[in-house]
Enquirer: 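Let me give you the structure first, and then I'll get to my questions.
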Amino acid sequence: VKTAVLKVFSAVFVVASLAVACLWWSPAPPAWTEEEIGVLRTLWLESLPELPPDPSNAVADNPAAAEFGKRLFFDMRLSANGAVSCATCHQAERGFTDGLQKAQGIGVASRHTPSISGTAYSPWQFWDGRRDSQWSQALVPLEEANEQGLSRRQVVAIVAGDEEYRTRYENLFGALPDLTTADAGPLNDAFANVGKAIAAFERTVMPTYSRFDEYVAAVVSGESDRQPALFNDDEVWGLRLFTGKANCTQCHNGPLLTNFEFHNTGVISFPGDIPDKARVTGVAEVLANEFNCRSPYSDDPSHDCAELDFVRTGPTLIGAFKTPSLRNLAAPFMHKGQLETLADVLRNYNDAPEAMIGHNEAKPLGLKARELRQLEAFLNTLPAPVAGLPANIQSK
Amino acid sequence: LLSPLSHAEGLVVSYTTPDGEPRINSMHSWILHVETESGVPVEGAKIEVDGGMPEHNHGLPTRPRVTQDLGGGDYKLDGVRFHMRGHWEIVVTVTTDSGVSKVTIPLEL
């Protein structure tokens with residue numbers, strides 16, 4: 001009887017082990033076809049086109065403006081309590097985000113801090129795209145009560161009151177307005193110029209080569225012996241899922257792994273918050289914004305504002321947020337940092353729950369646990385340091 | 001680049017993309033050409049364009065618009081952008097004195 005029981009146990013053990021092995025084990029991935037390599041190329045950092053000009057900002061590519069903007073970016077005097085700068089939330093050492101769910105300035109802001117890396121390529125800024133340039137974006141936190149909490153007059157006064165800043169400003173933009181008499185026009189000009197200097201710095205903040213890019217380089221050049229050292233089998237399978245049945249490249253496409261468009265993916269609302277209407281309000285705000293592309297504060301004499309001219313509005317944008325670049329992948333995730341881990345994010349896409357408001361564009365994926373693990377392994381090859389990291393910045 | 005033709009209710013709409021083949025995430029222009037089935041250009045029509053990805057149940061990321069009637073049945077369509085690969089459908093609504101026609105142009109990106 002004992003032997004029989006042992007045999008049964010052994011049989012059960014063997015079957016169970018095989019089942020576990022099937023769940024966790026994958027065969028070696030096949031070689032990439034030419035067509036697949038073509039797709040990988042589109043995601044490769046080498047495919048990033050030259051940075052398009054920003055005609056709305058005359059100093060966008062001026063190194064002196066970037067230098068001035070860098071100082072402003074890290075300057076905590078630019079806040080009502082003297083303790084918050086742009087860099088409080090956009091922390092260079094964290095890829096220009098902060099690791100928090102919602103941004104923490106003077107108070108708690110309404111959404112999660114997005115990275116600024118690569119945002120010079122985006123027609124829209126913020127999770128809801130409520131600004132259409134980096135410079136007009138940079139002005140918002142300065143005046144937001146929970147972020148830096150200043151008035152625009154106070155911002156300009158800080159620049160005017162610092163001899164070095166005043167010189168840097170006037171070399172770039174001409175004389176500062178007399179703050180005792182300046183009315184809205186000249187004051188707004190000077191305020192916009194502060195944003196333009198900050199944007200000139202932000203334009204230099206770019207993603208760098210990740211392990212994924214090294215791997216694509218090895219694939220593209222046909223160096224098959226180098227590939228296993230760069231990507232293990234799980235990472236390769238994860239990349240296959242990413243470009244295949246997991247549908248990730250529907251939105252996370254191009255070399256920045258984002259299409260910079262707005263999608264409702266049924267992410268659950270932040271605990272205690274009513275669901276965020278997102279793009280549907282963001283688009284109304286950008287169209288009305290006093291510093292948008294059509295405004296007199298834009299430096300583009302042609303006022304060619306194709307993004308605003310052809311922008312989509314309407315109810316399909318309810319609950320739709322801008323696709324974030326995956327090159328800045330860092331927890332927590334989503335527009336309010338609601339999802340703590342990548343596994344949570346992947347579960348959300350795998351389940352594709354009904355959206356709390358609007359309509360979830362995603363469909364359930366039916367991925368198995370092993371596939372989710374492989375996808376996660378691949379995603380972890382994407383983070384890389386950010387270029388444009390400032391050296392020797394002293395917080396004032 | 002010349003598209004396959006699309007028919008509906010006696011009209012034929014074709015398009016060319018003067019800036020080369022459409023690339024995703026890049027705003028570009030199309031030239032639409034509208035003619036009757038017997039090949040007569042449809043001039044002076046009111047043209048409206050919409051579309052999307054039926055599989056994903058979403059529209060175009062932008063709202064393209066005809067900005068110029070080039071004559072000879074040609075119309076300049078500006079503000080076209082696609083933000084995903086896959087199957088798209090562009091729906092062209094042509095309004096003339098004789099009525100309204102909808103023509104669907106399929107597109108694989």
Side-chain angles (χ1 to χ4, degrees), chain A residues 35-36 38-39 41-43 47-49 52 118 121-124 129 243-244 247-266 279 283 287 304-320 322-323 325 352 355 358-363, chain B residues 1 15-32 46-70 75-93 102 104-109:
Chain A
E35 194 187 339
E36 289 167 340
V39 171
R41 264 182 189 279
T42 66
L43 308 174
S47 303
L48 190 66
Y121 282 89
S122 179
W124 310 110
T243 55
N247 288 342
C248 307
T249 50
Q250 293 288 344
C251 303
H252 295 287
N253 52 38
L256 293 175
L257 303 170
T258 168
N259 57 4
F260 294 123
E261 287 292 345
F262 301 86
H263 302 279
N264 182 330
T265 56
R279 180 58 171 166
V283 74
L287 285 167
D304 176 9
C305 301
E307 293 294 343
L308 293 180
D309 293 348
F310 299 104
V311 73
R312 175 158 289 267
T313 57
T316 57
L317 300 169
I318 294 172
K322 192 175 68 186
T323 311
S325 170
H359 154 79
N360 186 354
E361 285 177 34
K363 306 244 179 1
Chain B
L1 180 82
Y15 70 94
T16 52
T17 50
D19 304 327
E21 209 150 332
R23 284 185 301 121
I24 60 164
N25 300 338
S26 171
M27 198 184 278
H28 60 282
S29 303
W30 284 19
I31 306 291
L32 293 173
K46 182 181 158 209
I47 311 273
E48 286 158 302
V49 173
D50 208 345
M53 296 185 95
E55 277 168 44
H56 299 284
N57 193 17
H58 65 68
L60 294 168
T62 57
R63 193 156 272 167
R65 199 170 62 243
V66 166
T67 55
Q68 220 182 334
D69 182 345
L70 301 168
Y75 300 85
K76 183 156 188 266
L77 178 69
D78 282 329
V80 184
R81 182 160 61 209
F82 303 100
H83 59 306
M84 293 184 183
R85 290 174 192 289
H87 176 74
W88 288 86
E89 289 185 356
I90 300 297
V91 181
V92 183
T93 306
K102 263 189 201 297
T104 299
I105 302 176
L107 184 72
E108 296 299 328
L109 282 180

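First the proteins, then the strands, lettered A, B, ... as listed; each starts at 1.
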Enquirer: Surrounding CD of B:Glu108 (heavy atoms of other residues, nucleotides or ligands, distance under 6.0 Å), is the total greater than 12?
Expert: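 It does: B:Glu108 CD has more than 12 such atoms within range.
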
Enquirer: Which answer fits B:Arg23, side chain, backbone, both or neither, if we ask what part of it has an atom under 4.5 Å from a heavy atom of chain A?
Expert: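 For B:Arg23, no heavy atom lies under 4.5 Å from chain A.
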
Enquirer: Any side-chain heavy-atom pair from B:Arg81 and A:Glu307 closer than 4.5 angstrom?
Expert: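 Answer yes - side chains close enough.
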
Enquirer: Tell me, side chain or backbone of B:Ser26 under 4.5 Å from chain A's heavy atoms, or both, or neither?
Expert: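 For B:Ser26, there is no contact with chain A at all, as no heavy atom is under 4.5 Å.
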
Enquirer: For the residue pair B:Met27 and A:Ala306, what are the closest heavy atoms and their distance?
Expert: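 Nearest pair, atom of B:Met27 first, then A:Ala306: SD-CB, 3.7 Å.
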
Enquirer: I'd like to know whether A:Val39 forms a side-chain contact (heavy atoms from CB on, under 4.5 Å) with B:Arg85, so could you lay out the CA-CA distance, the side-chain angles of the two residues, the decisive distance to 0.1 Å, and finally the verdict.
Expert: CA-CA 10 Å; A:Val39 171; B:Arg85 290 174 192 289; 5.6 Å; no

Enquirer: Just one of A:Thr323, A:Thr258, A:Asn259 clears the side-chain contact (heavy atoms from CB on, under 4.5 Å) bar with B:His83, so which one?
Expert: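 Looking at A:Thr323, A:Thr258, A:Asn259, the match for B:His83 under the side-chain contact (heavy atoms from CB on, under 4.5 Å) is A:Asn259.
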
Enquirer: With a 4.5 angstrom heavy-atom cut-off, is it the side chain or the backbone of A:Pro49 that approaches chain B, or both, or neither?
Expert: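 Interface part for A:Pro49: neither.
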
Enquirer: About how many Å separate CZ of A:Phe310 and CG of B:Asp78, when rounded to the nearest 0.5 Å?
Expert: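 It comes to 4.5 Å.
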
Enquirer: Sub-3.5 Å donor-acceptor pair from the side chain of B:Arg65 to the main-chain atoms of A:Asp309, do we have one?
Expert: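 Confirmed, B:Arg65 side chain pairs with A:Asp309 backbone.
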
Enquirer: Does any heavy atom of chain B fall under 4.5 Å from the side chain of A:Glu361, the backbone, both, or neither of them?
Expert: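 It is both, since atoms from each part get that close.
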
Enquirer: Would you give the length of the straight line joining atom OG1 of A:Thr316 to atom NE2 of B:His58, rounded to the nearest 0.5 angstrom?
Expert: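 That separation rounds to 10.0 Å.
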
Enquirer: Count the heavy atoms of every other residue, nucleotide or ligand shown that sit under 6.0 Å from NZ of B:Lys46, and state whether that count exceeds 12.
Expert: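 No, NZ of B:Lys46 has 12 or fewer neighbouring heavy atoms, counting only those of other groups under 6.0 Å.
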
Enquirer: Please find the pair of heavy atoms, one from A:Gln250 and one from B:Met84, that lie closest to each other, and give the distance.
Expert: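 Closest approach of A:Gln250 to B:Met84: O-CG, 2.8 Å.
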
